[in-house]
Amino acid sequence: MAIQWAGLSPELLIQLDRDREQPLRSQLEAAIRSAIREGRLAAGERLPSSRELARDLGVSRGLVQECYGQLLSEGYLDSRVGSATRVAGGAVPTPASTGPARTGPARTGPARTGPASTGPAMVPAAPAVRKATGPPLIADFKSGVPDLASFPRGDWAWATQQACRTTASADFDYGNPRGSDSLRQVLAGYLRRVRASAAAPGDLIICTGYAQGLALVLRVLASHGIRTVAFEDPGYGSDDISATVRAAGVSAVHVPVDGKGLDVAALAASGARAVVATPAHQSPTGVVLTPERRHALVDWARRGDGFLIEDDYDSEFRYDREPVGMVQGLAPDRVFAIGTVSKALAPALRIGWVLAPPAFTGAVAQEKEIADRGTPVLDQLALALLLESGRYDRHLRRMRTIYAARRAALVDALAGHAPRARLTGLAAGFHGVLHLPGPAGEQDVVDAARHRSVGLYPMRSYRSSSSPAPPQLVLGFGNVSEHAVRAGIAAVADLLA
Ligand SMILES: Cc1ncc(COP(=O)(O)O)c(C=O)c1O
């Protein structure tokens with residue numbers, strides 16, 4: 001039996017037992033975690049350098065570095081370039097799979113529960129959460145933002161670490177600009193399984209989100225002779241998107257959306273040979289494109305040598321309707337499907353993909369190579385591991401429950417406080433449209449709500465023209481807690497009635 005002890009500070013001992021089955025690295029991590037939890041290591045306290053600790057324990061320096069890296073990503077430790085590794089200020093370990101409640105540094109933020117994790121236990125407190133001291137009274141109903149506090153930090157830390165450890169040295173060279181083979185393989189399977197797409201790994205190009213995917217596809221279509229591209233009205237079209245359209249050298253026309261989705265007859269009359277659309281959950285109206293319209297759209301593309309650019313951004317989150325697959329599955333030769341992890345995981349990751357018609361994959365890959373030589377490989381491998389291990393699916397299941405509860409809170413709060421205001425478009429995703437019943441204009445309501453610290457957003461900013469339209473608000477509830485949904489709606493109830 002060879003137990004080794006090393007002093008980190010006069011009153012702290014680390015025990016490594018080489019006869020136990022538990023790997024040394026996980027013993028070391030567990031020991032430091034419990035030292036922090038039990039208060040034996042206080043916030044701000046300096047840890048030995050990895051070299052010192054490795055020497056004291058008789059283990060490799062790499063093992064200690066990996067252990068520190070893990071605890072850094074879990075939020076237990078803090079490290080700045082050029083200075084020592086320290087216990088994070090207000091480190092807030094939350095209960096996870098390592099087990100029992102413990103004593104330790106006081107929790108400084110509201111309690112949060114982490115994802116049930118089969119990987120290492122870790123749900124660090126985000127600095128933003130720590131600041132909150134009482135029940136939040138501010139609600140920001142901005143659409144398109146997922147629950148940022150629910151990002152699966154533990155799973156992502158596990159996956160990046162695994163990827164880093166297992167990647168062959170040769171893979172640190174410039175890679176295939178189309179993306180990592182293993183991600184494309186596992187993603188194609190996922191898209192076939194979950195999104196009913198006709199995805200083959202060879203038709204996927206990994207990119208840095210929808211924004212880049214759209215830029216690549218528009219450039220490819222422009223060099224194929226397509227000069228006019230249609231966009232949904234109302235539709236998702238931030239200033240960035242308009243700049244992307246201009247930079248690709250194409251011009252935009254707008255095609256109306258009605259209760260059945262994109263108006264395909266109006267599209268045919270527009271003269272555009274490509275259209276950007278959100279069939280599974282129209283952004284922002286929330287309408288699902290009807291089966292007849294899906295077929296009409298495919299017919300339009302086939303008859304006129306046209307193309308659909310399918311923005312499949314949030315349809316994994318569906319509630320009270322059958323899942324709707326991608327149009328891409330009906331016409332893989334006519335559809336560029338663009339996906340993103342911005343809603344499913346977080347916008348900060350900047351990972352997305354283009355599923356291109358086989359005849360265009362080479363051209364999209366070439367544009368990707370010109371743009372940036374390829375998406376960061378370790379991130380791609382981490383995503384592949386999340387998908388492969390089932391952690392991605394598990395996260396989606398967990399988020400569906402959270403969003404469903406927020407959606408129910410929104411419906412309830414509106415029914416209680418503003419029963420005349422109709423809420424539509426809630427079949428999927430995490431935003432809906434509120435139809436204002438009163439005479440007040442969208443902007444007046446938005447401005448008055450601002451004064452009460454509630455963020456509301458007008459439909460006007462999604463419309464292409466300023467011609468008169470019934471007043472509506474687009475209400476996002478992805479990043480608003482149930483409590484904040486209720487408090488926010490109560491605070492502006494009279495404005496919505
Ligand atoms: C309709 C729609 N598509 C795509 C995106 C995501 O874009 P990206 O992958 O560039 O983050 C958003 C983000 O808000 C969106 O609302």
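Both ligands and their constituent atoms are indexed starting at 1 by order of listing. Please read these numbers as outputs of a predicted model, since none were measured by experiment.
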Starting from atom 11 (O) of ligand 1, which protein heavy atom do you reach first, and at what distance in Å?
Ser342 OG, 2.6 Å

Between Arg463 and Asp233, is the closest basic N to carboxylate O distance under 4.0 Å?
no

Any idea which atoms of ligand 1 are less than 4.0 Å away from a heavy-atom of Ser283?
1 (C)

For the residue pair Ser182 and Gln185, confirm or rule out a side-chain donor-acceptor distance under 3.5 Å.
no

Do Gln70 and Gln161 meet the criterion of a side-chain donor-acceptor pair at a distance under 3.5 Å?
yes

Ligand 1-proximal atoms of Gln212, by part, heavy-atom distance under 4.0 Å
neither

Can you tell me how far apart CZ (Arg394) and CZ (Arg397) are? Round to the nearest 0.5 Å.
8.5 Å

Where's the contact between Tyr236 and ligand 1, heavy-atom distance under 4.0 Å: side chain, backbone, both or neither?
side chain

Counting from 1 in the order shown, the ligand 1 atoms closer than 4.0 Å to a non-hydrogen atom of Arg350 are 8 (P), 10 (O), 11 (O)

Residue, atom and distance of the protein heavy atom nearest atom 14 (O) of ligand 1 read Lys343 NZ, 2.6 Å

Compare all side-chain heavy atoms of Thr375 with those of Lys368 and state whether any distance is below 4.5 angstrom.
yes

Atoms of ligand 1 close to Thr340 [distance to a heavy atom under 4.0 angstrom, numbered from 1]:
8 (P), 9 (O)

With Arg273 as reference, evaluate Thr228, Leu221, Asp305, Val229 under the side chain to side chain contact (heavy atoms under 4.5 Å, CB included) test and give the passing residue.
Asp305

Any salt bridge linking Asp379 with Arg350? Criterion: basic side-chain nitrogen under 4.0 Å from a carboxylate oxygen.
no

Have a look at ligand 1 and work out which part of Ala211, if any, has a heavy atom under 4.0 Å from it: side chain, backbone, both or neither.
both

Heavy atom of the protein closest to atom 6 (C) of ligand 1 (residue, atom name, distance)
Tyr210 CB, 4.0 Å

